[in-house]
Amino acid sequence: MGVTPAELSEAVAAAVRTAVADGQLSVEAPDTVRIERPKVKEHGDYATSVALQLSKPAGRPPREVAEAIAGPLRGTPGVASVEVAGPGFLNITLDSAAQGELARTIVEAGSDYGRTTTLAGHRFNLEFVSANPTGPLHLGHVRWAAVGDALARVLQATGAEVVREYYFNDAGVQIDRFAASLLAAAKGLPTPEDGYGGEYIGEIAKAVLDGHPAVLQGTDAEATAVFRREGMALMFAEIRTSLADFGVAFDVYFNEKDLHDKGELTAALDRLTAAGHVYPKDGATWLRTTTFGDDKDRVLVKADGEWTYFAADAAYYLDKRERGFDRVVIMLGADHHGYVGRYRALAAAYGDDPDVNLEILIGQFVNLFKDGKPLRMSKRAGTTVTLEELVDAIGADAGRYALARYSTDSTIDLDLDLWARRTSDNPVFYVQYAHARIASLLRNAADLGLQRAELHPELLDDPREGSLLGVLGEFPRVVASAAELREPHRVARYLEELAGTYHRFYDACRVLPHGDEDPSDLHRARLWLVEATRIVLANGLALLGVSAPERM
RNA sequence: GCGCCCGUAGCUCAGCGGACAGAGCAGCGGACUUCUAAUCCGCCGGUCGCAGGUUCGAUCCCUGCCGGGCGCGCCA
């Protein structure tokens, strides 16, 4: 009988309830109890501060509360010892058989290990990237491509239903400028004021010309229409290809135009008007977002009768909600954080709870360094780094891992030289190497005819084995917290810890029999442990969209 | 002026109120007839920006200040 962290947490909660039922404690027992892995091994395999927290409501010193809980907890199968330590911590040590059983649990679960149901029943709409098809994706979009897709995978691993959505506009002013820029390039004229420069404009213009040799014969208006339509299609194809090469696939590409065509802006306006949050001023139509904490009210219909972009946002949000998503998540760059207030107000104006139904995640900027010097990103100077260039420089695996490894709250400095390196300074290689090393070991085991066969979990009693089992046991909790907090970088950090713990185990514990040595139950038990480690590394890398190589 | 994010080791960064704040890199010193040394071990390295507050307990929560990044359109 094994003991997972989740089971142990429940066992502690049960011990509290028992202590209460027996009259040892008079408190309201908490539903769940947090247990954690202590930093120092003297504090046991797991520890909980529940006694410290219950001390005040129980009206008893924390150590007495701890003793009351420790009693019933000591009877839990798999628990070797429970000690009251320090101000009132409960330090729990498992017996090695209970801990070793985890290897079987993981191997039997396979690719399902790490999956939970903590967010089951929720429907998430994750909107990210959402670049208009007027140019290649650049670094600002790419951070969210990596993090957004990883977040989608992590949410799915906790039982949530997830749709990845890309919102774009092919009817706006930006596309007009794009089309005009293509036309100018096709004619050999300089880039128009407010137009798009960059080599790709010339390439796309040429591609459109190749497909429509007579396009410049007609009027400029006719030509512009062709360049707009064909150029956008080519640009979008390029964007989708580069995303696919990066391992990111969207479920829905949502065109703002559809909102207009279906009359959804009018419907949204009607709904907000009926709710009493709309008023006219200076010839325009306003939404009173200040009612819901925004800095200033926002215009929905301009004095000239045109819809604002915000009006489309209003319709789009409603569209998502009506498609059944209870969690509308929008990922934006730091330069768009000013939109948070109005979006939240919008959700509130519809009667939603902006703390529940809407989440706006803001990703800070990424600075690239090469040869120790910053690559200054400037659209105007044409020095933006595109997704394709990033993949060319360091590969899709390193690119995804590097961008998903940090909290999106932090601006990050990425050293391209480091991430291109095939050495252990490069975290993605450190983790992938651990997987490849295991794969190699498993191939050797197969060559030796060594099979896992029966597991004797109590044999996994080396401290290195205990550490490895302890880290392996954390995986489901790490995934769940990454999903809960919308912080997939926790998975990457966890994998680095796991890889390091494995390397230390490997260094100290021989897995395969030497030479003509006969395979023992210990060899077989370690084979279970190694396979379990491989599974967790593979599952974790999969959550980040990074490959788990068999050989390196 | 107002708002959001950040400030932790020389560098890049972890740390969802718990015990003595961690990792990698860099620096120094070790370990390869044996499963991938792309690895491992040891040493060095910190007033967690500053000052208050809340708490049994604060890097974490609150307030103020300092420093850096990014924003504050009837633009899209």
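Note that the coordinates shown come from a computational prediction; the quantities given were computed from them, not determined experimentally. Within every chain, numbering begins at 1; the chains are lettered A, B, ... in the order of the sequence lines, protein sequences first and strands thereafter.
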Contact class for A/A334 vs. all strands (heavy atom < 4.0 Å): base, sugar-phosphate, or nothing?
sugar-phosphate
Base-pair map of RNA chain B as dot-bracket, where | denotes pairing with a different strand and pairs are Watson-Crick or G-U under 3.5 Å
(((((((..((((....[...)))).(((((.......))))).....(((((..]....))))))))))))....
Which part of the nucleic acid, if any, lies within reach of A/D282 when heavy atoms closer than 4.0 Å are counted: base, sugar-phosphate only, or nothing?
base
Check: B/C75 base within 3.5 Å donor-acceptor of A/Y339 side chain
yes
Have a look at A/Y506 and say if it touches a base, only the backbone sugar-phosphate, or nothing, with a 4.0 Å heavy-atom cut-off.
base
Is a donor-acceptor contact shorter than 3.5 angstrom present between the side chain of A/Y167 and the base of B/A76?
no
Testing the 3.5 Å rule here: is there a donor-acceptor pair between the side chains of A/D297 and A/Y279?
yes
Classify A/L485 by what it touches in the nucleic acid, base, sugar-phosphate, or nothing, heavy-atom distance under 4.0 Å.
base
So A/A434, base contact, sugar-phosphate only, or nothing? Heavy-atom distance under 4.0 Å.
nothing
Between the protein and nucleotides 21-23 of chain B, which nitrogen or oxygen pairs come in under 3.5 angstrom?
none

Provide the distance between the two P atoms, one in B/A26 and one in B/U39, to the nearest whole Å.
11 Å
Nucleotide nearest A/R490 (side chain, heavy atoms from C-beta), chosen from B/C16, B/A38, B/C35
B/C16
At 4.0 Å (heavy atoms only), tell me whether A/R34 reaches a base, stays on the sugar-phosphate, or touches nothing.
sugar-phosphate
Report which part of the nucleic acid A/S481 touches: base, sugar-phosphate, or nothing (heavy-atom distance under 4.0 Å, all strands).
base
OP1 or OP2 of B/C74 versus the side-chain N and O atoms of A/K296: is any pair under 4.0 Å?
no
So what does A/Y406 hit on the nucleic acid, given a heavy-atom distance under 4.0 Å: a base, only sugar-phosphate, or nothing?
sugar-phosphate
Tell whether A/N91 reaches the base of B/A19 with its side chain through a donor-acceptor pair below 3.5 angstrom.
yes
Remember a base hit wins even if backbone is also touched, and classify A/H43 as base, sugar-phosphate or nothing at under 4.0 Å, heavy atoms.
base
For A/K302 against A/W307, the heavy-atom pair lying closest together
CE-O, 3.8 Å
Distance check, C1' atoms only: B/G64 and B/U54, in whole angstrom units.
15 Å
Taking the side chain of A/H503 as heavy atoms from C-beta outward, which of B/G18, B/U39, B/C5 is closest to it?
B/U39
